[in-house]
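Heads up, the thing below is written out as structure tokens.
All figures in this text were calculated on a predicted structure; none of them were measured in a lab.
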Amino acid sequence: MSRDFHFPGRSPVIARHGMAATSHPLASLAAVDTLRAGGTAADAAVAACAVLCVVEPHMTGIGGDCFTLVAKPGEPVWGYNGCGRSGAAATTEKLRAQGLTSIAPDSPHAVTVPGAIEAWGNILRTHGRFDLARNLQTAIDYAENGFPVAARVAWDWADLVPKLKKDAGATRHYLFNGAAPKEGDVIRLPALAKTLRAIAANGPRAFYQGEIADDIVATVAAKGSLLTAADIAAHRGDVVTPISTNYRGLDLVEIPPNGQGITALLILNILENFDIKALDPLGAERYHLMAEAARIAYAVRDQHVSDPQTMRTQVPDLLDKGFARKLAQKIDRNRRADLTTLPTPGSDTIYLTVVDRDRTVVSFINSLYSGFGVGICTEKTGIMLNNRGACFNLTPGHPNALAPSKRPLHTIIPALGLRDGRCELSLGVMGGHYQSLGHAQMIQNIVDYGMDMQQAIDTPRLFFDGDRTTVERGFSVAAREGLTARGHTLVDVKPPWGGAQIIAIDWDRGVLIGGSESRKDGCALGY
């Protein structure tokens with residue numbers, strides 16, 4: 001599909017040597033500056049993510065988790081699970097004894113050990129050329145000396161003021177005279193800058209032992225959390241073997257559980273049973289099939305996916321094409337099915353991707369989960385803490401039930417697209433539970449409809465919230481009427497669904513082609 005230049009839009013970014021696509025221009029620039037200085041794609045990804053932890057603090061932070069996939073020509077894809085765990089003293093029984101039946105997103109029990117900084121260190125040791133100190137310098141400069149607040153950041157921040165006002169540390173560090181910053185305001189985060197300087201000087205373990213870790217524990221313990229200094233000191237991420245499925249000749253590669261990447265693969269396995277290419281890419285029938293396949297796949301996710309130590313169903317069984325055919329038979333092309341109620345979506349994350357001159361590809365995602373995470377910030381060190389533990393359930397015996405030192409079902413998922421063993425695509429979508437459906441939609445847009453990298457991102461999105469189907473304003477009247485006729489109760493979603501970045505490698509012509517989320521402030525940038 002070629003772009004109609006009569007209408008507003010973005011062209012894909014095309015470059016030869018290196019490219020980054022992030023959700024903020026300052027982060028994309030930091031990544032490209034790192035590449036031009038001789039850094040690898042891994043160096044550039046960490047540098048960009050560190051900047052995003054400063055300039056998009058509601059979307060990500062060093063108090064969150066990180067997952068990455070790295071593809072090097074001629075080598076197997078390398079995966080890293082940088083997910084933190086619950087405290088060793090945390091149990092379903094203890095929380096149920098307090099009268100809880102779930103872990104609320106703003107509960108201190110939702111805070112898990114932050115895994116991001118440890119993951120950054122391992123990614124750099126394995127694939128970087130620069131040390132962590134060098135890759136943190138641009139972020140430290142913005143935190144110390146100030147950065148201008150971008151438009152989407154200001155829009156999101158304003159909605160989160162009531163959440164921030166509930167916590168003394170969050171009020172101190174992330175509100176300014178009691179208010180959110182406005183677009184174009186220059187703000188500084190001095191406590192976070194000092195924390196980043198300590199990590200730069202002493203390495204990742206400075207985060208997990210000593211003053212920083214003690215401040216995290218003291219902050220959450222005062223609110224009732226069971227996390228201890230020993231839990232934080234014990235944290236280690238894991239190198240993991242990626243999982244994949246083939247969709248019409250393209251292998252989509254994802255991080256294995258406890259991540260929900262398996263859900264994206266299952267959606268594509270289900271949709272492979274339909275002639276998607278014959279349908280209008282913006283029409284009701286295509287979106288209906290996509291929504292129904294997703295609702296089924298998410299129901300499977302919620303029944304089976306958890307920390308791999310407690311999963312009772314094996315990944316190959318869930319990705320079996322025969323299983324997907326049986327699931328596809330449950331879809332009525334003309335009517336929304338009565339399925340298990342699915343989770344209410346909505347969270348905040350950053351996704352970025354970088355490709356360097358050597359064609360090392362990094363697909364990288366870092367998250368606090370909800371906007372500003374749990375809404376609790378350490379008063380001394382300025383760290384917003386995650387609320388990833390809200391993804392546990394408190395159902396005794398369930399694979400994803402809270403248990404000691406356990407990783408929850410995780411929503412953030414980087415992805416790669418390979419053909420005949422060679423990486424052609426690096427992609428990801430922000431947006432909490434929505435991400436798996438976002439991956440499937442972008443892959444279909446490229447494989448079935450031949451869209452360019454920017455078009456694949458820009459098409460309207462839908463998801464579900466219980467019995468309702470939430471749609472963006474970009475849906476046509478005809479598509480809305482067609483979905484309503486098929487039994488979907490449509491609701492306009494306030495913030496648009498998620499945010500995507502993508503880079504394609506054209507091996508024959510020797511160019512990189514990038515797209516960046518038009519729903520965000522960022523851009524793809526190459527040289």
Practice task
Evaluate side chain to side chain donor-acceptor pair (under 3.5 Å) for Ser244 paired with Asp251, printing each intermediate quantity in order.
Solution key: CA-CA 6 Å; Ser244 66; Asp251 292 313; 5.1 Å; no
Problem - Test side chain to side chain donor-acceptor pair (under 3.5 Å) applied to Thr112 and Arg407, step by step - result: CA-CA 9 Å; Thr112 54; Arg407 294 174 293 192; over 6 Å; no
Practice task
Go through the steps for Asp43 and Thr34 under the test side chain to side chain donor-acceptor pair (under 3.5 Å), then give the verdict.
Solution key: CA-CA 7 Å; Asp43 292 308; Thr34 302; over 6 Å; no
Handout entry: Derivation and outcome, salt bridge (Lys or Arg N to Asp or Glu O under 4.0 Å), residues Lys321 and Glu272
Key = CA-CA 9 Å; Lys321 297 278 186 158; Glu272 198 173 34; 2.6 Å; yes
Exercise for the section: Mind running side-chain contact (heavy atoms from CB on, under 4.5 Å) on Ile123 and Val362 for me, showing each step along the way? Expected result: CA-CA 10 Å; Ile123 291 161; Val362 173; 5.7 Å; no
Practice task
Show your reasoning for whether side-chain contact (heavy atoms from CB on, under 4.5 Å) applies to Leu512 and Arg359.
Solution key: CA-CA 9 Å; Leu512 305 170; Arg359 295 307 186 251; 3.7 Å; yes
Practice task
Any chance you could lay out the side-chain contact (heavy atoms from CB on, under 4.5 Å) test for Met290 and Arg461, step after step, and finish with the verdict?
Solution key: CA-CA 10 Å; Met290 195 170 67; Arg461 296 170 181 161; over 6 Å; no
Practice task
Show your reasoning for whether side chain to side chain donor-acceptor pair (under 3.5 Å) applies to Asn386 and Asp65.
Solution key: CA-CA 8 Å; Asn386 73 80; Asp65 290 335; 5.0 Å; no
Practice task
Take Leu289 and Leu279 through the side-chain contact (heavy atoms from CB on, under 4.5 Å) test and state the conclusion after the steps.
Solution key: CA-CA 10 Å; Leu289 290 176; Leu279 305 177; 3.7 Å; yes
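At distances below 3.5 Å, not a single donor-acceptor pair connects side-chain atoms of Asn135 with backbone N or O atoms of Val46. Judged by distance alone, the side chain of Thr22 and the main-chain N or O of Leu352 form no donor-acceptor pair under 3.5 Å. A donor-acceptor pair under 3.5 Å links the side-chain atoms of Lys406 to the main chain of Ala401, judged by distance alone.
Scanning all heavy atoms of the two residues, the minimum distance from Ile267 to Ala440 falls at CG2-CB, 3.6 Å. The heavy-atom pair separating Tyr449 from Ile276 by the smallest distance is OH-O, 2.8 Å. Counting all heavy atoms, side chain and backbone alike, Ala264 lies closest to Glu254 at CB-OE2, 3.6 Å. Taking each heavy atom of Leu160 and His58 in turn, the nearest pair found is CD1-CB, 3.8 Å.
At most 12 heavy atoms of other shown residues, nucleotides or ligands fall within 6.0 angstrom of atom NZ in Lys326. Other residues, nucleotides and ligands place no more than 12 heavy atoms under 6.0 Å from the CZ atom of Arg473.
Residues satisfying the ring pair (Phe, Tyr, Trp, His ring centres under 6.0 Å) test with Tyr174, not counting sequence neighbours, are Phe372. Under the side chain to side chain donor-acceptor pair (under 3.5 Å) criterion, Asp506 pairs with Arg509, not counting sequence neighbours. Remark: Phe323 engages no residue in a ring pair (Phe, Tyr, Trp, His ring centres under 6.0 Å) (not counting sequence neighbours). Arg3 is linked by a side chain to side chain donor-acceptor pair (under 3.5 Å) to Ser11, counting only residues two or more places apart in sequence or in another chain.
No donor-acceptor contact under 3.5 angstrom links the side chains of Thr353 and Gln501, judged on distance only. A side-chain donor-acceptor contact under 3.5 Å links Ser363 and Tyr351. Residues Thr470 and Asp465 bring no donor and acceptor atom of their side chains to less than 3.5 Å of each other. Between the side chains of Ser306 and Arg312, not a single donor N or O lies within less than 3.5 Å of an accepting N or O. With no hydrogens or angles considered, no side-chain donor-acceptor pair links Thr489 and Arg336 at under 3.5 Å. A donor-acceptor contact under 3.5 angstrom links the side chains of Arg301 and Gln260, judged on distance only.
From Asn273, atom CG reaches atom CG of Leu268 across 11.5 Å, with rounding to the nearest 0.5 Å. We find the CH2-CE distance between Trp157 and Met59 to be 11.5 Å, quoted to the nearest 0.5 Å. Here Ile503 contributes atom CD1 and Ile513 contributes atom CD1; the two are 11.0 Å apart, rounded to the nearest 0.5 Å. Interatomic distance, NE2 of His127 versus OG1 of Thr40, reported as 9.0 Å (0.5 Å rounding). Going from atom CD1 of Ile14 over to atom CE of Met453 covers 10.5 Å, rounded to the nearest 0.5 Å. Rounding to the nearest 0.5 Å places CH2 of Trp497 at 6.5 Å from CZ of Phe463.
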Under 3.5 Å donor-acceptor pairs involving side-chain atoms of residues 413-420, not counting sequence neighbours:
{"unit_1": "Arg419", "atom_1": "NE", "unit_2": "Glu424", "atom_2": "OE1", "d": "3.2"}
{"unit_1": "Arg419", "atom_1": "NE", "unit_2": "Glu424", "atom_2": "OE2", "d": "3.4"}
{"unit_1": "Arg419", "atom_1": "NH1", "unit_2": "Gly249", "atom_2": "O", "d": "3.4"}

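Counting only residues at least two apart or in different chains, ring-ring contact (aromatic ring centres under 6.0 Å, His included) contacts with residues 467-493 comprise Tyr287-Phe475, His288-His488.
Remark: of the listed residues Ile262, Leu266, Thr263, Thr263 is the sole one forming a side-chain contact (heavy atoms from CB on, under 4.5 Å) with Ser436.
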